[in-house]
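First comes the structure, then the notes that go with it.
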Amino acid sequence: NKALCKNGGVESVETAIKLARFYGFKEKGIPDGKQEIIVYDNNFHGRMITIVSFSTTQKYKEGFGPLTPGFKSAPYGNLEATEKLINENTCGILVEPMQGEGGMNIPPKEFLKGLRELADKHNILLMFDEIQVGMGRTGKTFCFEHENIIPDVLILGKAISGGLVPLSVMVTNSSLMDMAFKPGSDGSTFGGYPMACAAGLAAIDVMKNEKLPEKSYATGKMLKDKILDIASRSPHVKEVRGMGLFIGIEMKEGDAMKFCHKLLDLDMLANDSHGHTIRISPPLIINDDEVDYIVERLEKVLVD
Ligand SMILES: Cc1ncc(COP(=O)(O)O)c(C=O)c1O
């Protein structure tokens, strides 16, 4: 494999789109300009023009036209709808193996495996954006390990440098990387700058040495069980879902931010996801006392 380093996550998503389009052009003979990539409803891959062009959330793209063509969106988790969108111009599928901003959504079991099969059957690239859910967040180092498959392209950011300095990477096999990019055909001034890469290597060491994915799995399970107990007594909670330290609490009235503000009054910082879900995504180094801190505050806000 080879990794191409950039700064923010969105840049590596763009790099993956370039790779898939070039693959379509060069390897599949799709006329340049006709390449299509399948994405998913409620996706979030960043905020630059091409990326917001295929957002299905109006607020991310309104007023920023003209938008970039070449994307088709399927309902998240739906294999049948995905296959219906595939045609002779399809070169890639870009998907978050679990959706973060889109509402902390976990796809049905076998969805990722099904995508792998579709990609193989139709000779298209399968690209996983694990910027939010990679690096141990969901209880495995990489989210794709939950279904024991390997994407053609993996995109990582955020935690890849311990969240300390800007670093993102697009990883793919050597032959695809060499096919798509020659020296000078892609890059950026600060992409792969030494301090960011040093931080990245150190963060990977910490993740391995401190067994953070395993810790995320165990602590996440304990935290989710406690949240499920709170939810069973709360008049406000519709559903609790998540894996590892990636947990969403969906509110019946779709008013998650109201509860995030109440949590903030109790000195706990949590964001909402897609308006309807409270996102519980603490640092992977969280200890048992800190789990209790979260649970006490959720109890106060959701039950008392
Ligand atoms: C799944 C996913 N992709 C891409 C991005 C964009 O990353 P960045 O903000 O570093 O550009 C994010 C950011 O939240 C994300 O969650």
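Remember, it's 1-based here, ligands and their atoms both numbered in the order they're listed. Both backbone and side-chain heavy atoms feed into the values below; hydrogens, waters and symmetry mates do not.
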In the protein, what heavy atom is nearest to atom 12 (C) of ligand 1, and what distance, to one decimal place, separates them?
Phe44 CE2, 3.7 Å
Run down the list Gln132, Met98, His45 and name the one with the heavy atom closest to atom 5 (C) of ligand 1.
His45
Please list, chain by chain and in numerical order, all residues satisfying side-chain contact (heavy atoms from CB on, under 4.5 Å) with Glu80, sequence neighbours excluded.
Asn78, Lys84
May I ask you to check whether Tyr76 and Phe111 place their ring centers less than 6.0 Å from one another?
yes
With a cut-off of 4.0 Å, which atoms of ligand 1 are near a heavy atom of Val10?
6 (C), 7 (O), 8 (P), 11 (O)
Is the closest side-chain donor-acceptor distance between Glu14 and His45 under 3.5 Å?
no
Sequence neighbours left out, cut at 3.5 Å: what donor-acceptor pairs do the side chains of residues 166-175 make with other protein atoms?
residue	atom	partner	partner atom	Å
Ser168	OG	Gly8	O	2.8
Ser168	OG	Ser12	OG	2.7
Thr172	OG1	Asp152	O	2.8
Asn173	OD1	Ser175	N	3.2
Asn173	OD1	Ser175	OG	2.9
Asn173	OD1	Leu176	N	2.9

Which is closest to atom 13 (C) of ligand 1 by heavy-atom distance: Lys158, Glu101, Glu96?
Lys158
Best match, Gly157, Gly46, Gly100, Pro97: closest heavy atom to atom 6 (C) of ligand 1
Gly46
May I ask you to check whether Phe54 and Tyr40 place their ring centres under 6.0 Å from each other?
no
Among protein heavy atoms, which sits nearest to atom 7 (O) of ligand 1, and what does the distance come to when rounded to 0.1 Å?
Gly9 CA, 3.6 Å
Identity and distance of the protein heavy atom lying nearest atom 3 (N) of ligand 1:
Asp129 OD2, 2.6 Å
Atom 9 (O) of ligand 1 touched by protein heavy atom at under 4.0 Å:
no
Between Lys61 and Phe64, is NZ or CZ placed under 6.0 angstrom from the six-membered ring centre and within 45° of the ring axis?
no
